[in-house]
Trainee: 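After the structure tokens below, expect a handful of questions from me.
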Amino acid sequence: MAHKIPLEMYAFLLHWFVSAAEKVKLRGEEGAPHPPPKGRRGRGGKAGGSRAAARTADTWSWVDQIPGTLELFSKAMKLKTHRIWMTSPERDAFITCITRPAYRISEGEQYMKDNAIKRNVYKVVCIAVKHHGHAVAAQISIMQSLQYYEHLSEPMAELLSCLAKDFDHAQLGDEVLREIAGMSFNAQDTKGPRAFSRFLVKYSEESPRSVLKQISLLLDHLDSESYPMRMALVEVIGSLIRELSSSEDMTNDSTQTHKQLSGLFDLLISRMLDLSSYVRSKVLATFSKLCDLRVPFPKQRLKITRHAVAMLEDKASTVRKSAVALLTKLVTTHPWGLMHGGPLNLEKWQGYYQEVATKLDKLEDAVGKAVERGEAGEETEQEEEDEDEKSGDEDASGEEDDEMQTDNAENTPGARTKGKRPREEDDDGMDVDGQRDEDLDSIMDEDEEQPRRKKRKGKKKARNSTVNLAAMTSEQEALAALESNEVLHLRLRKKYYSEALSFIKTIESSIDSVIQLLGSTNKAEVLEAMEFFRVTSQYEFQTAEVGIKRMLHLIWSKDNNQTSEDGKELKGVRSRLLECYRNLYLDALPDMEPKQQVNRIAKNMIELTYDSTLAELTSLEEMMKTMMEEELVHHDIINKLWQGSPKSLPACQRRGAIIILSMFALAKRSVVSERVDVLLRVGLGPLGKADLTLARYTCVALQRLNGSAKKVKGSLLNKTLRMEMDNSVFRKLQDAIEHPCRSKEWFGMAEQAINTIYALDYQESHPPRVYAEAAATNIDVPVGEERDPNATEEDAEPPASTAFASHAPVSHGVLSTQGGCQASGEKDVGDVFHLSQLLFVVGHVAIKHIVFLELVEREWKRQKDEKELAHKLAAGVNSPNKGPKEVEELDQVAGNVEDEIGERIAAVRETEVLYGPQSLLAIFGPLLVHVCGSPHKFKNQTLRATATLSFAKFLCISSRFCDEHHHLLFKILETSRDPSIRSNIVIALGDVAVSFSNIIDENSNELYKGLSDQDLVVKKNTLMVLTHLILNGMIKVKGQLGEMAKCLEDEEPRVSDLAKLFFTELSTKDNAIYNNLPDVISHLSSGEHAVDEEAFQSTMRYIFTFIEKEKQAENIVEKLCQRLRLSEGPRQWRDIAFCLALLPYKSERSVKKLIDGLPFYRDKLHDKIVFEYFGEILSKARSNKGANKPDSDLNEFQSILDEHRRQGEEDQAFEKRVEGKKAAAKKKATRRSARKKTQAQEPEEREGASTVATAAGESQSARPKRRAQTRDASDDDDDDDMYV
């Protein structure tokens, strides 16, 4: 008791010291970047101003003194306080005086980042709780800290964990958890739930057993309105699963633990349906962490996989990303690699399963037959007696050897068979040996059921055969198999394979959904999808190659650094794609010789070209070019690809090798330039003539000799490489074109050959002469005869000085051919395929000639530019003081010269190419028009396709030719039954529009008709061409945007996606959608182009998302109200009212315009659906109205609407009554008129009746006389007289 007062004084001193130090620190922070220290014996004065403080500023700081101060607190609390202070209030006052500074220090966020300070704070509080009854006060302080200091969430969890582990006092943690479990959080509260959620997560990680005891109370927060608390509970459950799976209870096969785990897994799976995307994403992330546990959980793993696949369709991108990451983690951590390694190829695993199932069936059949033969000699009566005898004590007597092993197999932990349901229910929570899943049963073949029935029958009969010892002895081999546990082993393997097959099929079913995610706008989602395909490809999933190929198109994406939600910097999509492909195809494998590595990599690259589309090859080309630029391809691989030309190799490998080499040459020209002889010998030699696809890609590779430097817009530089015409390359190309061939692959080869000659020809002053030779060779073929490939080579030499020179033999050949046709009675006796080849060459030469003229123009401009530059330099040297005005005049002169060059080239293109007297192409223009315009004469499909394509190319040359004949092309588009011809015409019209936009703009309605074509390719190409033309301003939209809007609801996703892309890009143009919106509404709502109401609403709902400006919304309200006045029919009323309801009504002006337009639509409000849409508008207007503004205007407007609705309904009812009365009056009038007619007919009938009666009386009086006179007459006369 004597030490009581000094201890209280000492405690107060420490408390005061900490408070004073904190205050000095705070004042120092306000004035200087570094807090000034406090003198040791200061009394609260400003120590920063004293000289002593200045001298000790470098040696003393409060932060350094905090650990020592807290150590003093700990030493002070080692006293037996209950002996010094006999009453609780006095002792609590002393303990509070010591612990309060510790709590105050913990309130500093920077202090708690120091481990030494943090440990001492924990120590002070723990000692006070453990030895001095501070639990209640500590609980209050902890709860307050969680509520008011966000940074203390995790430190408070560590404090309670330290108290439980180091001081063996878990009661405080339990009390805190119970108090948190009793709290409630609303959805608007954000700060509190986040702090408590972090506390729960950290505490579950530090002390999961303590949380497990209170989990039943905490689970109430799974239904909390606050999603952070639900997220915390999800992570808590994950920590509990991790703790239970690693505990000793799992190794001891505790049924209770298994049930707990099963229940926790079910809770997590149920939260996948949470309303919040954050919670769903957290569940998937928690499952990803659980995949790393040493316990495989096969049953739960399969269930998780199925739910993860379903979550790929979630509307939130974060959830989809987490689902893909979970699937990737499930594949990399799968537990089925013990027997056959890691790969999960479906065919292999099906083979394993079938093999085991066959062995098991044979073994069970052998056992069943053995038992049947053993009891064949017993009588039926004996069987019945034995059954009766054994029915009472069957379980007590035990079973024989053949049954004993089966029972052991079924009762062994881990054996999961259908025959023992009770045992499976006991092991329901087990994860290695869990219950067979329903999907696993479906994998089993139906043939499995029959052996199982035989086995059951065998069991019953085996019990009867216990008396027959001879039968048992005779079947010793079959029973020995059972005794050796072979059946058990096979059953376990079968279950093992069936689970693996279920997992593989589930992953395979997700491939299509993940492929869709590759096109996502969310970068993190795309990266996860790429990683998924990389992993599944390494694990040999069959359908993963589809995703790997689809990934190629990501090479065109632009890389920019982004930061994910967790703060990590995301790698660019393009760089990640290159990394994936390098990892899959280029990285060397361990334990493999260098030569084998090169062979494997070369083979992988070649296989990338197999079954690839043009788009995939284009993307692959860009990727290979990038890899070559980054020097990721070793020179030995290129040499190996060049060795892929021997005749022994398959044709597909030779093609693949030349394709890859041509792609490499884009980045490095020497790849091809050093091996031109090999290209000519193989690609254009005998192998190339036999394989035209190889020849085509060889021509593409030869084009790489020209280089691939991208030309800068407006630049006149030309870095291309060209050759003389006497080079062997051109002779080989000419031979390839002239080689006799009947295959359609010739057209692709000829196209690339022509491209190659134009790319490599050195003489830019005139077109290459090879075309004239090839054309002449085709023309001079005598009718009905085979031609020699070299017959016309000497006759087809055009003059080298003329740009469009022709020669006499060619024209005479044409005339003689025409004359021969006329002389033979206009019979088509020529070779159709040869004519198709000729027209194809002519058409492609025409379109390449336009490109050639552009090159000539650029070359002339370059030469002029060089001369002007030299002149300027010379003038600058001679007269350095020339003024800027003179320099500007020189630039104007140079610009005028360039304009003259452009005009000259345009004049040549317009008048000389197709109409010049010496033009070779001028001969074929009328021929193409004749062939295309005479479908009844030229019916061959190939001929019509090539002629139409060439004719379309001719239209791109001259505006005169296009103006004269473009109607023929539109007529073919309208009447042709061949989808390929229509598709080619649509694409060609896009090229014609680039050259002569005014001609196509006048006939754009014909082009829009392709959007309603029955063929998908034609429709898609039409949409692509229109998208290109409209977005680039080549044609104007004249009310046809509604046809484009129809494609938004197309059944084919490629068409609808392309239409959505078009409207998205169109929305970036100035008011393009806004200006055409009324026309789109009218087009889709009324007339012959109208769509059904559901499609209209879906289309408008998408288009109205692009109306973002409030001013536009206001004007649309006014326009639609006026359109309501002129609308006819309830359908148009509903459509326009629906469009009005789609607008946001964020401003009062929009509502005012709607109210002002009331006279235009008040007579339509009686329609129920129209009135409902106006009700939605009022709801939007109220929700957007400010809290301080009254709703009187809206309420008045609503009352007006109700009044007009009621009045309209009354008018409608009145009109119906009027119509009813009109109908009744009309009916009554009809009846009256009918009655009048009947009344008018009655006098006439009466007069007629009296006349008839008089005549009848006279006839009756005359009849006796007549009878007397005609008594002797014949029967015929009597009959006639009676008839009259």
Side-chain angles (χ1 to χ4, degrees), residues 146-147 150 153-154 157 177 180-205 211 215-242 263-291 300 303-330 510 513-514 516-517 520-525 528-529 563-568 1183:
L146 293 177
Q147 288 177 349
E150 293 185 9
S153 299
E154 296 182 355
L177 290 178
I180 294 176
M183 299 176 68
S184 62
F185 303 94
N186 55 32
Q188 286 72 30
D189 190 5
T190 57
K191 185 177 179 181
R194 294 184 187 278
F196 283 101
S197 64
R198 287 199 297 269
F199 168 79
L200 289 175
V201 172
K202 185 66 176 178
Y203 193 45
S204 65
E205 294 173 355
V211 179
I215 189 63
S216 59
L217 300 176
L218 293 172
L219 287 179
D220 291 339
H221 284 298
L222 281 177
D223 299 325
S224 173
E225 295 181 5
S226 177
Y227 73 87
M229 290 303 295
R230 302 200 298 272
M231 292 173 62
L233 263 293
V234 167
E235 289 195 73
V236 167
I237 293 173
S239 300
L240 298 183
I241 292 175
R242 194 178 301 109
L264 292 174
F265 270 110
D266 291 341
L267 280 174
L268 280 183
I269 291 174
S270 67
R271 297 323 300 177
M272 283 188 173
L273 303 177
D274 197 283
L275 293 177
S276 173
S277 61
Y278 297 106
V279 179
R280 299 196 298 271
S281 181
K282 181 62 69 175
V283 173
L284 296 170
T286 303
F287 279 134
S288 297
K289 295 178 182 178
L290 294 178
C291 290
Q300 286 81 4
K303 191 181 296 186
I304 291 169
T305 306
R306 288 193 296 273
H307 282 84
V309 172
M311 300 303 287
L312 293 174
E313 305 295 333
D314 198 279
K315 63 180 181 180
S317 61
T318 54
V319 179
R320 297 193 299 267
K321 178 184 77 72
S322 301
V324 177
L326 174 58
L327 290 175
T328 305
K329 192 72 173 180
L330 287 167
S510 69
S513 299
V514 183
Q516 296 296 324
L517 298 184
S520 172
T521 56
N522 187 284
K523 186 177 180 181
E525 196 174 355
E528 287 293 346
T563 305
S564 63
E565 295 179 354
D566 52 0
K568 296 180 181 179
S1183 62

Trainee: Measure across Ser153 and Ala195 and return the closest heavy-atom pair with its distance rounded to 0.1 Å.
Mentor: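 Here Ser153 and Ala195 meet closest at OG-O, 3.0 Å.
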Trainee: Within this structure, what is the NZ-CD1 distance for the pair Lys329 and Ile304, rounded to the nearest 0.5 Å?
Mentor: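 CD1 of Ile304 is found 13.5 Å from NZ of Lys329.
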Trainee: Verify, without hydrogens or angle tests, whether Arg280 (side chain) and Asp274 (backbone) share a donor-acceptor contact under 3.5 angstrom.
Mentor: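 Yes, Arg280 side chain to Asp274 backbone: donor-acceptor pair under 3.5 Å.
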Trainee: Distance from Met183 atom CE to Ser226 atom OG, nearest 0.5 Å?
Mentor: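 The distance works out to 11.0 Å.
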Trainee: What's the verdict on side-chain hydrogen bond (donor to acceptor under 3.5 Å, both in side chains) for Glu313 and Ser513, showing C-alpha distance, side-chain angles and the deciding distance?
Mentor: CA-CA 7 Å; Glu313 305 295 333; Ser513 299; 2.8 Å; yes
Trainee: Any side-chain heavy atom of Leu290 sitting closer than 4.5 Å to one from Leu268?
Mentor: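 Of all side-chain heavy-atom pairs linking Leu268 with Leu290, at least one is under 4.5 Å.
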Trainee: Decide side-chain contact (heavy atoms from CB on, under 4.5 Å) for Glu528 and Lys523; before the verdict, give the C-alpha distance in whole Å, the side-chain angles of both, and the deciding distance to 0.1 Å.
Mentor: CA-CA 9 Å; Glu528 287 293 346; Lys523 186 177 180 181; over 6 Å; no
Trainee: Listed by chain and number, what are the side-chain contact (heavy atoms from CB on, under 4.5 Å) partners of Asn186, not counting sequence neighbours?
Mentor: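 Here the qualifying residues are Gln188, Asp189, Glu225.
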Trainee: Taking all heavy atoms of Leu222 and all of Ile237, pick out the closest pair and write down the distance.
Mentor: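 Here Leu222 and Ile237 meet closest at CD1-CD1, 4.4 Å.
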Trainee: Could you check if a side-chain atom of Arg230 sits within less than 4.5 angstrom of a side-chain atom of Arg271, using non-hydrogen atoms only?
Mentor: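 Touching, per the 4.5 Å side-chain cut-off.
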Trainee: Is any side-chain heavy atom of Ile269 closer than 4.5 Å to one of Lys303?
Mentor: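 Lys303 vs Ile269: side chains touch.
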Trainee: In terms of side-chain geometry, is the basic nitrogen of Lys321 or Glu525 positioned less than 4.0 Å from the acidic oxygen of its partner?
Mentor: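 Salt bridge absent between Lys321 and Glu525.
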Trainee: Just verifying a value: how many Å separate Phe287 CZ and Met272 CE, rounded to the nearest 0.5 Å?
Mentor: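 Reported to 0.5 Å precision, the distance equals 4.5 Å.
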Trainee: Check whether any side-chain heavy atom of Leu327 sits under 4.5 Å from a side-chain heavy atom of Leu312, and report yes or no.
Mentor: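 Yes. Closest side-chain heavy atoms under 4.5 Å.
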Trainee: Determine the minimum heavy-atom distance between Cys291 and Leu330, stating which atoms define it.
Mentor: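 Residues Cys291 and Leu330, closest heavy atoms: SG-CD2, 3.5 Å.
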Trainee: Run the ring-centre check on Phe185 versus His221 and record whether the distance is less than 6.0 Å.
Mentor: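 That pair passes the under 6.0 Å test.
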Trainee: Looking at every non-hydrogen atom in both residues, tell me the closest pair between Arg320 and Asp314 and how far apart they are.
Mentor: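 Here Arg320 and Asp314 meet closest at NH1-O, 2.8 Å.
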Trainee: Is the closest side-chain heavy-atom distance between Ser322 and Val283 below 4.5 Å?
Mentor: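 Result no, sub-4.5 Å side-chain heavy-atom pair not found.
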Trainee: Considering all heavy atoms of both residues, which atom of Met229 and which atom of Pro193 are nearest to each other, and what is their separation?
Mentor: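 Looks like SD-O, 3.7 Å.
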Trainee: Hey, could you give me the CG/OG distance between Leu218 and Ser204, rounded to the nearest 0.5 Å?
Mentor: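 Those atoms lie 10.0 Å apart.
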Trainee: To the closest 0.5 Å, what do you measure between OG (Ser277) and OH (Tyr227)?
Mentor: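 The OG atom of Ser277 sits 8.5 Å away from the OH atom of Tyr227.
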Trainee: Say whether, by atom type as modelled, one donor and one acceptor occur between the side chain of Ser224 and the main chain of Asp220 under 3.5 angstrom.
Mentor: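 Checking the backbone N and O of Asp220 against the side chain of Ser224, no donor-acceptor pair under 3.5 Å is found.
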Trainee: Can you find a heavy atom in the side chain of Glu235 that is under 4.5 Å from one in the side chain of Lys289?
Mentor: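 Yes, at least one pair of side-chain atoms sits under 4.5 Å.
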Trainee: Which value, rounded to the nearest 0.5 Å, describes the distance between Ser270 atom OG and His307 atom NE2?
Mentor: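 So the OG of Ser270 and the NE2 of His307 are separated by 9.0 Å.
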Trainee: Does the side chain of Leu217 come within less than 4.5 Å of Ile180's, by heavy atoms?
Mentor: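 No. Closest side-chain heavy atoms not under 4.5 Å.
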Trainee: So do the side chains of Glu154 and Tyr203 get within less than 4.5 Å of each other, counting heavy atoms only?
Mentor: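 Side-chain contact under 4.5 Å: no.
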Trainee: Could you tell me which non-hydrogen atom of Ser317 sits nearest to which non-hydrogen atom of Asn522, and how far apart they are?
Mentor: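 Here Ser317 and Asn522 meet closest at OG-ND2, 3.4 Å.
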Trainee: Can Ser281 and Thr318 be counted as having a side-chain donor-acceptor contact under 3.5 angstrom?
Mentor: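 Judged by distance alone, the side chains do not pair up.
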